[in-house]
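Here is the structure we will look at, set down as structure tokens.
Remember, it's 1-based here, ligands and their atoms both numbered in the order they're listed. Quick caveat, the model's predicted, so the values are computed rather than measured.
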Amino acid sequence: MDNSLQKAPLREARRALVFAFENGDGKNKQLLGGKGANLCEMTQIGLNVPPGFVISTEACLSYLENPDQQLPKGLMDAVRVQMTALNEKTGKKFGDAENPLLISVRSGSAISMPGMMDTILNLGLNIDTLKGLIRQTGEERFAFDAYRRFIQLFGKVALGIPDEAFDVEFDEVKERAGVTQDEGLSARDLREVSDRFLEVVERKTGRPFPVDPYQQLETAIKAVFNSWMGKRAVDYRREFNITTDMANGTAVNIVAMVFGNLGDDSATGVSFTRYPDTGENRLFGEYLTNAQGEDVVAGIRTPKPIDALHEEMPEMYRQLHELRSRLESHYREVQDFEFTIEKGRLYCLQTRNGKMNATALVRTSVEMVREGLLSQDEALLRVQPESLEQLLFPRLAPGPEHAPVARGLAASPGAAVGHAVFDADRAEELGDTGRRVILLREETKPEDIHGFFASEGILTARGGKTSHAAVVARGMGKPCVAGAEGISVDVQRRQALVGGRIIREEDLITIDGSTGDVYLGEVPMTEPDFTSELETLLEWADESSTLSVMANADTPEDAERALRYGANGIGLCRTERMFNGVERLPLVIDMILAEDQGQRESALASLLPIQRRDFKEILKVMAPRPVTIRLLDPPIHEFLPSEQQLTEELQRLRRLRDVVLGVDVLFDTVNLMYSEDAVQPNVLKLADPRLVDEAMTKKQTMLRKVRTLTEVNPMLGHRGVRLGITFPEIYAMQIRAVLEAAAECIKEGMEVHPEVMVPQVSTAEELKFVYNSVQDIWQSVEAQCGVEIPLKFGTMIEVVRACMRAGSLAEEVEFFSFGTNDLTQATFSFSREDAENKFLPLYNEHQILQDNPFEVLDTKGVGKLMALAIGWGRETRPGLKVGICGEHGGHPESIRFCNSIGLSYVSCSGPRVPIARLAAAHAALLDKGEVVGPSTL
Ligand code: ADP
Ligand code: MG
Ligand code: MG
């Protein structure tokens, strides 16, 4: 997260700072930036790239380190040499009044940060070269259009003049000319715009616009370098954790201009070699005829879909397809590229690996293996496990009462509901208070980026699938609907109009980035489907991984879902969840309130069939996969109401008792005094005071029990195996329920593998105690049912002492399951709630801890204990099965660690199973065969 400048390593004395596209190393993105490296690479494989050169990131760092803001020595000389070469390659001349060469000055760092840094087009124009450009092209209007764009871009990027200063003038000229679209302006109008822009610059900077092309160039290079440390770029790197190791400084790319705005045989566009939202193997893209590159991205005009080019310029369309396949077969990755057509000639101006959402990544991974472009392992490693979460998000399920009010482009799939806000600052304000918001804008700009972070989804009224909003939302995996033209946004009044209805700030709206639909209000969602490509990819993942992935599931429904997600069994079934059902809780309470063993056993006897039924269902769903059932864990007072609640209820009952007694007196009085009367008042008898008394006695008993069960520190108190030892009947009932359920399944012909594990164990003696009762019940159930039941006996490892005594525990059990939630609490002596609410955020901020150890496994402390425990456990019992069932079991980084210390399985919540399956494959592929011992941690 370090965004400060890192001192570049001592550079060798005469390392070149500038590289022609023909010479730069296309693999060295650190040095040349992604854009520069790819421009070199494309040039060298023979694609049609306009000539140019790259100034390296080292030059950038050296400039930014220089206290006098001087470019490194010799840089401008080297640039001049390259410019002379460019003159030769293009047959034009930089700064020449007859046949001027114009260039773009473009930023580009090792990691693509779309729209975060700056680019200047048409550099080299001044009043003399402008005339040359007119002579050269014969297009006066075009030349002035290029000129006014250059003045504004240069003014903004290099001189720090805000767009608004130019926009006001531009709008005035448009108004005077009576046009609404830029295209409506004549050459003369544009000349006026240029003149006004030059005045703006002079007014704002106190100096005339620089006319010397080399001075322009030098200023532009510095401006691009400076944009690396601009607020936008710094924020972006912080948000996406882009460290200096990943990207340090920006390169500058100098590229000879080609013009997509030279008439109807010219165009500019952005394309993906495959669909970035669905992954479909078909050229995707958008273009504008007679336009310059930034128009497509900026959403000034809504572009045309690439297929329209087929009609408009068939030969260009064919060449574009050729370009597409050359790019893909060279990079073996979906490419996102920029192109420009100048008078029937196609140029490629940029390519990079396409940012895709998870759906597209999964589909292209599978298809590119089938097409022979990728190996199975490469395909697996291409998809980040966490990104599958996007696929596991619910989809919209609109009912008949939900009709879309507008439809835009499906720009980034997934659905989102939130409160509408109309600017990025408000989005951030509301988002910070924990509200779900949808950012609704006419179009978005790079400076809106903080609003994206705060929003659930993005909705724009203008712009295409490659507009800023769409690109950024896709990168973030947030739903986006772009170009919903039926909506008109009024930022001033904080409202939008759609089909005669008003959306006010904070009104709930729903967007569906998979269809482009926009709804007022909140539309319900449903569970996601698995595509066949995802199934395939996950099957490949299972083939590659050594860790088995199980699920945490407490009910038959959970188990069914886990199975659909591909779980290999259940690693944690929490029996206490089953106690909370409405018809069960009273039985549980009876069990707790029991005054003696007899009473308790009779309450347990009524619970037994219920638990047996649950276990049977779960075993059945999972057959023949293992089901690991944890015996009762939490302190039993959790099943009772709190002391405060009971005291309040008792108070209320006392008051009620007075009222009921009062009504009783009234009733008697009325009966007595009006007995002769014809119109005797009718008094309702409310309740029998005895009933109220009875309720009060019950509550009082419960309150007494709650008080006796109160613990100073319940998490360290009477819970887990300690309960099992003080109230052995409870565990006995659960063990019997498991065994009887298994016996019933076996009799019905199923193969089942129940496993029982004991929570909170700290010594082997506890396990022996519980195992004695297991053995007795096991024998009795087998005898009674006449079948043999396979049962495994294991322990949770979630107490520090259990780790230290793992060698001795392993004598009693066949498997360990690390409960890393409790083990983390125990290792740090942090209680999770207190830590997360009170001090952890500050710990993270001050970098005292890098992560929240309850989310990301603390490998150095907790992990080391685990590795030690595994080592000692397997010394006693080679091949001991070891798993993890804490929340960490679904976290890719932690899974990688678990793999490295030799765990047999991880268990996580059902919906995270696919993520864990892929993470397990990554772990196996990335650390092939190396098992880390505790000494190396
Ligand atoms: P970004 O990183 O924001 O995409 P770029 O440096 O790629 O910025 O440039 C912005 C736009 O200008 C793109 O559409 C690009 O294709 C176009 N562009 C850049 N250089 C040239 C050039 N030499 N000729 C024509 N268009 C260019
Ligand atoms: Mg670009
Ligand atoms: Mg626990």
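Asp145 and Arg148 are joined by a salt bridge, as a carboxylate oxygen and a charged side-chain nitrogen come within less than 4.0 angstrom of each other. Salt bridge absent: Glu239 and Arg232 never bring a charged side-chain N and a carboxylate O closer than 4.0 Å. Salt bridge absent: Lys156 and Asp118 never bring a charged side-chain N and a carboxylate O closer than 4.0 Å. One finds no salt bridge joining Glu328 and Arg324 here, because no Lys/Arg side-chain nitrogen approaches an Asp/Glu carboxylate oxygen to under 4.0 Å.
Side-chain atoms of Thr351 and Gln335 include a donor-acceptor pair closer than 3.5 Å. For the 3.5 Å distance criterion, the side chains of Ser107 and Ser227 fail to qualify, holding no donor opposite an acceptor.
When the heavy atoms of Gln350, Lys35, Arg106 are ranked by distance to atom 19 (C) of ligand 1, first place goes to Arg106. Atom 17 (C) of ligand 1 has its nearest heavy-atom neighbour, among Asp118, Thr268, Leu121, Ile103, in Leu121.
Under 4.0 angstrom from ligand 1, the non-hydrogen atoms of Ala256 all belong to its backbone. Heavy atoms from both the backbone and the side chain of Val255 come within less than 4.0 Å of ligand 1. Within the 4.0 Å heavy-atom criterion, the part of Thr119 lying near ligand 1 is the side chain and not the backbone.
Atoms of ligand 1 found under 4.0 Å from any heavy atom of Ser104, numbered from 1 in the order shown, are 19 (C), 20 (N), 21 (C), 22 (C), 23 (N). Annotation for ligand 1: atoms under 4.0 Å from non-hydrogen atoms of Gly293 are 14 (O). Within ligand 1, the atoms closer than 4.0 Å to a non-hydrogen atom of Val258 are 24 (N), 25 (C), numbered from 1 in the order shown.
For the Mg ion (ligand 2), the neighbouring protein N/O/S atoms at less than 2.8 Å, given as residue and atom, are Glu338 OE2, Gln350 OE1.
The aromatic rings of His321 and Tyr317 sit perpendicular to each other, their planes meeting at more than 60°, with 30° as the lower class boundary.
In this structure, Phe452 has its ring center no closer than 6.0 Å to that of Tyr236.
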Check against side chain to side chain donor-acceptor pair (under 3.5 Å), Asn126 and Thr129: CA-CA 5 Å; Asn126 57 30; Thr129 54; 3.1 Å; yes
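The shortest separation from a heavy atom of Pro50 to ligand 1 is not under 4.0 Å, leaving the residue out of contact.
Stacking of Arg80 on the aromatic ring of Tyr214 is recorded, both the 6.0 Å distance cut-off and the 45° axial limit being met.
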